[in-house]
2 protein chains.
Amino acid sequence: MSRTIDPYNALPKYYQLASILRQKIDDGEWEPRSPIPSERQLEQLYNISRTTIREAIDHLVRQGFLYREHGRGTFVSPQKLQKGLMELTSFSEDLLKRGIQPGQIILELSWIVPPLKVLQKLELPAGSEVLCVKRIRLGDQTPIGLQTSYLSLNRSQNITREDMESAGSLYRILAEKFGIIPSEADETLEVTLATPEEASMLEIEPGSPLLLNERLLFSQNRTPVEFVKILYRGDRYRYYVRLSR
Amino acid sequence: MSRTIDPYNALPKYYQLASILRQKIDDGEWEPRSPIPSERQLEQLYNISRTTIREAIDHLVRQGFLYREHGRGTFVSPQKLQKGLMELTSFSEDLLKRGIQPGQIILELSWIVPPLKVLQKLELPAGSEVLCVKRIRLGDQTPIGLQTSYLSLNRSQNITREDMESAGSLYRILAEKFGIIPSEADETLEVTLATPEEASMLEIEPGSPLLLNERLLFSQNRTPVEFVKILYRGDRYRYYVRLSR
DNA sequence: AAGTGGTCTAGACCACCTT
DNA sequence: AGGTGGTCTAGACCACTTC
């Protein structure tokens with residue numbers, strides 16, 4: 001029994017169709033590299049115009065679930081490990097996907113005037129205050145990383161320790177409390193060595209190699225929202241990303 | 001004087017329009033964050049149907065040159081550093097963008113049976129031969145990284161030292177000689193320490209921290225084409241990536 | 001020749017924002 | 001109310017692949 005399109009549903013038809021197709025892919029109803037029904041067939045099957053069919057397929061192609069070959073058909077992508085491609089993942093979402101229990105110890109949560117370099121990245125005038133969140137990130141109860149976030153918010157948009165503890169994910173708070181949806185980010189990764197202070201918080205030897213991840217996050221309208229530095233233990237973390245043209 | 005759409009041009013109209021809009025953005029004719037003409041206005045201006053207009057705009061939105069706000073308009077994105085987002089950059093393209101002169105020393109170029117783990121990633125049966133390319137990568141004449149590529153090719157699709165030296169970029173050879181266009185890649189980054197052998201080739205001390213980048217590259221039809229391991233000197237390389245939803 | 005995806009038209013109505 | 005982008009229709013012709 002297959003779901004159908006409900007014209008009275010608030011969700012757009014192309015979106016409903018994309019969900020249906022997506023499910024058939026996830027369920028393995030269609031084999032990898034095998035063709036899905038042609039656009040004309042889908043038109044008949046779901047009683048939707050071809051333009052709308054194509055819009056649904058476009059979404060799935062962009063997300064990497066399907067690929068098209070001109071004159072031949074549309075095919076199911078052979079799915080690799082993760083299905084979420086290039087998602088802007090928060091630390092907690094990221095770990096959950098890998099089957100590790102995320103946790104955190106909040107070291108600091110206060111309004112400060114950050115280093116000038118940070119203000120420049122956030123495109124704020126000198127002397128501006130930002131919300132600074134310092135946390136030790138845990139995976140299965142053991143330290144994995146040391147994270148410092150600088151958030152470009154109004155003083156009225158405050159985040160409390162309670163918010164942090166109940167939501168877990170900072171990005172969920174940004175979305176649900178302030179309607180800020182991360183849409184793009186510039187990231188850099190490099191190697192550094194742990195200072196004695198960092199080492200003690202991460203429970204490793206001073207001088208151990210660390211993976212330093214810096215991220216500048218932009219919201220829907222391309223305004224910088226957050227600058228983050230995360231120091232990962234070299235022995236416990238591997239950064240993963242999927243790129244596409 | 002503005003370009004117009006030529007209906008007899010082989011290029012699709014949405015593509016021609018996207019180029020025109022793109023140029024106006026690049027030339028600074030439209031300020032960042034200012035609205036471009038509405039879709040109905042563009043319909044009149046270029047005598048193209050709205051569907052086609054939207055297709056052109058869709059492309060530019062996906063590439064990050066424009067953003068839409070429902071009920072308000074379509075706006076020019078404030079461009080950051082690089083304009084190419086999330087591109088699958090080859091090492092040489094990558095360095096050139098940063099203003100560093102790329103170079104290479106080819107250590108090895110031969111057909112071998114690689115480790116099983118590599119064959120699995122390339123989805124090849126045990127015992128298959130692949131083309132193995134080992135290179136020291138240089139930036140301004142100094143070693144930056146140690147790169148080992150395993151290429152899934154037919155024995156008829158050979159690459160010679162002359163190819164490598166004249167083209168510089170491996171990806172250019174794949175594209176021009178075999179019509180293989182990289183379209184997606186899974187990358188991981190982690191920290192390791194240099195073995196004595198690696199250290200001598202990179203001209204650093206044994207035990208120095210390195211950034212290990214592994215990449216599995218897929219072609220148009222999502223077939224694995226190449227598996228690469230690159231060991232970067234921790235003191236000379238920073239990995240950069242732009243992510244988007 | 002028949003089937004597939006790629007491009008395009010000329011409409012329509014809706015949801016959202018501004019005035 | 002009027003303008004904007006968001007969704008949708010029912011067609012059409014073209015380019016490419018397969019038989």
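Note on naming: letters A, B, ... go to the chains in the order of the sequence lines (proteins, then strands), and numbering restarts at 1 for each one.
The two residues B/L217 and B/A185 come nearest to each other via the heavy atoms CD1-CB, 3.9 Å.
Toward the 5' end of DNA chain D, the nearer of the two residues B/I36 and B/T51, judged by each one's closest nucleotide, is B/I36. Checking B/R50 against B/I53, the closest nucleotide of DNA chain C that is more toward the 5' end is the one next to B/I53.
Residue A/Q41 contributes atom CD, which lies 13 Å from atom C1' of C/dG5 at whole-angstrom precision.
Not a single salt bridge (Lys or Arg N to Asp or Glu O under 4.0 Å) links B/R135 to another residue, sequence neighbours left out. For A/P115, the side-chain contact (heavy atoms from CB on, under 4.5 Å) test picks out A/V118, A/Y150, with sequence neighbours left out. For A/F75, the ring-ring contact (aromatic ring centres under 6.0 Å, His included) test picks out A/Y67, with sequence neighbours left out. For the side-chain contact (heavy atoms from CB on, under 4.5 Å) test, residues two or more places apart in sequence or in another chain that qualify with B/R68 are B/E39, B/R54, B/I57, B/D58, B/V61, B/T74. Among residues two or more places apart in sequence or in another chain, the side-chain contact (heavy atoms from CB on, under 4.5 Å) test is passed with B/S166 by none. For the side-chain contact (heavy atoms from CB on, under 4.5 Å) test, residues two or more places apart in sequence or in another chain that qualify with B/N154 are B/S156, B/Q157.
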Pairwise N/O distances under 3.5 Å, protein to nucleotides 14-19 of chain C:
unit_1	atom_1	unit_2	atom_2	d
C/dA15	N3	B/H70	NE2	3.0

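Annotation: salt bridge (Lys or Arg N to Asp or Glu O under 4.0 Å) contacts involving residues 158-169 of chain B, sequence neighbours excluded, comprise B/D163-B/K177.
You can see that DNA chain D meets the heavy atoms of chain B within a 4.0 Å-exclusive cut from D/dG3 to D/dT7, reading 5' to 3'.
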